There are 2 protein chains.
Amino acid sequence: MSIDQNDLRVIKTKRGLREAFIRLLLEKGYDAISIQDIATEAEAARVTFYRHYKNKEELLIDCIDVIYENHARLTGQASNEEFRQGYSPMLAVYKQLKEDGKIFRVLSNSHAGQLLTKRLIQLFAERIQVQIEERFPKEQLLAPVEIIAYHVASAQIGLVNWWIENDQPYSPEYMARISFWLSLAGSARGFGLENISVLPPEYPTRFQN
Amino acid sequence: MSIDQNDLRVIKTKRGLREAFIRLLLEKGYDAISIQDIATEAEAARVTFYRHYKNKEELLIDCIDVIYENHARLTGQASNEEFRQGYSPMLAVYKQLKEDGKIFRVLSNSHAGQLLTKRLIQLFAERIQVQIEERFPKEQLLAPVEIIAYHVASAQIGLVNWWIENDQPYSPEYMARISFWLSLAGSARGFGLENISVLPPEYPTRFQN
DNA sequence: CTTTTATGTTACGATTTGTATCATAACTAA
DNA sequence: TTAGTTATGATACAAATCGTAACATAAAAG
């Protein structure tokens with residue numbers, strides 16, 4: 001009847017299609033890729049593609065989901081201690097991208113970029129919102145918590161994009177620290193903290209790469 | 001020889017194709033649209049499409065450019081006074097989107113979103129960088145001016161996206177003010193201002209919609 | 001009003017799409 | 001290891017789409 005997603009053949013085939021698709025995106029860009037291209041590159045029959053995906057876009061979504069899960073898994077590990085140290089969960093992201101930033105870049109410049117960025121921002125905003133709500137009473141906030149969270153998340157993910165597109169000019173540690181502090185200083189105001197000196201003492205006098 | 005872009009027929013035809021394309025994006029999404037669909041919707045011959053655009057993507061880029069120019073024109077008008085008042089050039093953006101947010105939303109959810117968002121962030125980052133450099137000596141900055149500018153621009157455009165996707169829950173004035181202050185408070189730290197009280201006195205105690 | 005040129009009509013081959021059938025190979029479960 | 005299940009490959013097919021061409025017509029430029 002329906003296809004068994006746990007079958008080894010299915011797992012192999014789908015992974016093959018995903019990886020072939022990514023490679024082709026590097027070469028030709030999204031529009032120029034035909035289903036036959038993908039199948040050929042993956043050394044599979046064209047019919048096989050249609051057994052797993054309705055069309056190109058569905059394969060694209062699947063690719064994003066896989067990357068998204070990797071990110072979520074990585075960033076989910078960041079400890080509260082890391083957060084206080086000013087490294088934030090972003091460090092894990094920067095570190096991963098330092099290695100396989102190529103795939104991220106390809107997706108980022110393709111049809112996928114929109115979906116990928118959107119989902120990452122969504123994920124981070126949700127986490128940030130929880131963190132804010134845990135630490136600050138609602139009445140203290142100058143603005144709705146959603147807005148603050150989304151503002152911070154957009155800034156952080158946006159900076160990641162900038163870093164990737166500018167060939168990673170600074171170290172992951174440097175980027176994570178700056179990203180964290182710029183956001184925290186901004187949102188501290190949003191939290192209703194009149195005196196910004198309540199921030200942890202580790203706030204650096206000057207960032208060094 | 002080549003096609004005269006000032007010919008009235010050309011202007012009409014291309015505008016028709018762009019508008020037809022936007023309408024179709026609303027209905028079917030990017031992939032499901034064929035060239036014939038666009039031509040039919042625009043009440044033009046399919047051949048005519050190929051006289052102006054190589055493929056779907058090229059038409060998409062053209063659509064983005066038109067919207068982009070509208071934004072640039074609008075935001076370019078924001079005065080220094082508005083900036084100091086805490087409304088920032090963002091107010092013009094929010095106001096425009098209040099009216100034709102539909103097109104923006106369609107593009108934002110399509111293949112185009114990636115390109116549109118990227119270009120908007122780029123534009124804002126460049127402007128912000130100039131403003132920072134005009135007001136603060138380089139040595140005072142805790143981080144490279146590019147990073148601060150990109151951080152702020154990403155946050156602001158990201159918040160616009162959030163606003164559009166959540167059916168514009170707050171007024172343009174409210175969003176512009178919050179966006180401005182969250183960013184300014186954050187970047188004030190980035191500027192190396194130890195005492196955040198150097199910020200203009202208009203800083204609100206609490207934002208109201 | 002004359003000239004120029006962008007558009008519509010029609011046509012064409014090549015490519016791509018989406019689906020179907022059946023034998024074979026690969027995997028699962030026992 | 002074996003028997004049964006099922007995903008895959010090979011082949012085929014109609015329908016849709018693509019990209020380009022030639023020529024008459026309508027619309028704009030000068």
Side-chain angles (χ1 to χ4, degrees), chain A residues 1-66 106 110-112 115, chain B residues 1-66 110-112:
Chain A
M1 253 344 184
S2 189
I3 288 186
D4 178 12
Q5 298 297 326
N6 296 320
D7 192 309
L8 271 187
R9 289 168 294 186
V10 175
I11 294 171
K12 279 184 201 167
T13 301
K14 290 182 80 171
R15 185 174 55 227
L17 289 170
R18 282 196 304 268
E19 291 174 352
F21 185 53
I22 300 273
R23 283 196 297 275
L24 290 173
L25 275 174
L26 260 167
E27 287 178 26
K28 325 168 115 191
Y30 182 80
D31 275 341
I33 301 175
S34 70
I35 310 295
Q36 180 66 69
D37 289 337
I38 301 170
T40 304
E41 176 71 25
E43 291 175 319
R46 191 169 63 91
V47 200
T48 303
F49 176 93
Y50 288 106
R51 288 202 181 94
H52 299 288
Y53 303 104
K54 219 178 73 193
N55 48 37
K56 244 195 300 182
E57 190 149 358
E58 210 170 281
L59 171 58
L60 188 61
I61 305 277
D62 195 34
C63 288
I64 292 171
D65 282 346
V66 170
V106 174
S110 78
H111 191 158
L115 295 163
Chain B
M1 250 353 181
S2 188
I3 288 186
D4 178 13
Q5 298 297 325
N6 295 320
D7 192 309
L8 271 186
R9 291 168 293 184
V10 175
I11 294 171
K12 279 183 201 166
T13 300
K14 289 183 80 172
R15 184 173 56 227
L17 288 171
R18 280 196 306 267
E19 291 174 353
F21 186 54
I22 301 273
R23 283 195 297 274
L24 290 174
L25 275 173
L26 260 166
E27 287 178 26
K28 326 168 116 189
Y30 183 79
D31 273 343
I33 301 175
S34 69
I35 309 295
Q36 180 67 69
D37 289 337
I38 302 169
T40 304
E41 176 72 25
E43 293 176 316
R46 190 169 63 91
V47 201
T48 304
F49 176 92
Y50 289 106
R51 289 203 180 93
H52 298 287
Y53 303 104
K54 218 177 75 190
N55 48 37
K56 243 197 299 182
E57 190 149 359
E58 210 169 281
L59 172 58
L60 189 61
I61 305 278
D62 195 33
C63 288
I64 292 170
D65 281 346
V66 170
S110 78
H111 191 158

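Being a predicted model, the structure only gives us computed values, none of them experimental. First the proteins, then the strands, lettered A, B, ... as listed; each starts at 1.
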Sugar-phosphate, base or nothing in reach of Glu43(A), heavy atoms under 4.0 Å: sugar-phosphate

Minimum side-chain heavy-atom gap Val10(B)-Lys14(B) below 4.5 Å: yes

His52(B) vs dA6(C): side-chain N/O to OP1/OP2 distance below 4.0 Å: no

Distance test, side-chain N/O of Lys54(A) to OP1/OP2 of dG18(C), below 4.0 Å: no

Any Thr13(B) side-chain nitrogen or oxygen under 4.0 Å from OP1 or OP2 of dT7(C): yes

Thr48(B) vs dG8(C): side-chain N/O to OP1/OP2 distance below 4.0 Å: yes

Closest-nucleotide 5' rank along DNA chain C - winner of Arg46(B) and Lys14(B): Lys14(B)

No-H, no-angle donor-acceptor pair, Arg9(B) side chain to dA27(D) base, under 3.5 Å: yes

Candidates dT16(C), dT9(C), dA6(C) - which lies nearest the side chain of Ala45(B): dT9(C)

Phe21(B) side chain near Asp62(B) side chain, heavy-atom distance below 4.5 Å: no

Sugar-phosphate only, base, or nothing, as touched by Asn55(B) at under 4.0 Å among non-hydrogen atoms: nothing

Any Lys12(B) side-chain N or O less than 4.0 Å from OP1/OP2 of dA6(C): no

Criterion side chain to side chain contact (heavy atoms under 4.5 Å, CB included) on Asp37(B) and Lys28(B), from CA distance to verdict: CA-CA 11 Å; Asp37(B) 289 337; Lys28(B) 326 168 116 189; 2.9 Å; yes

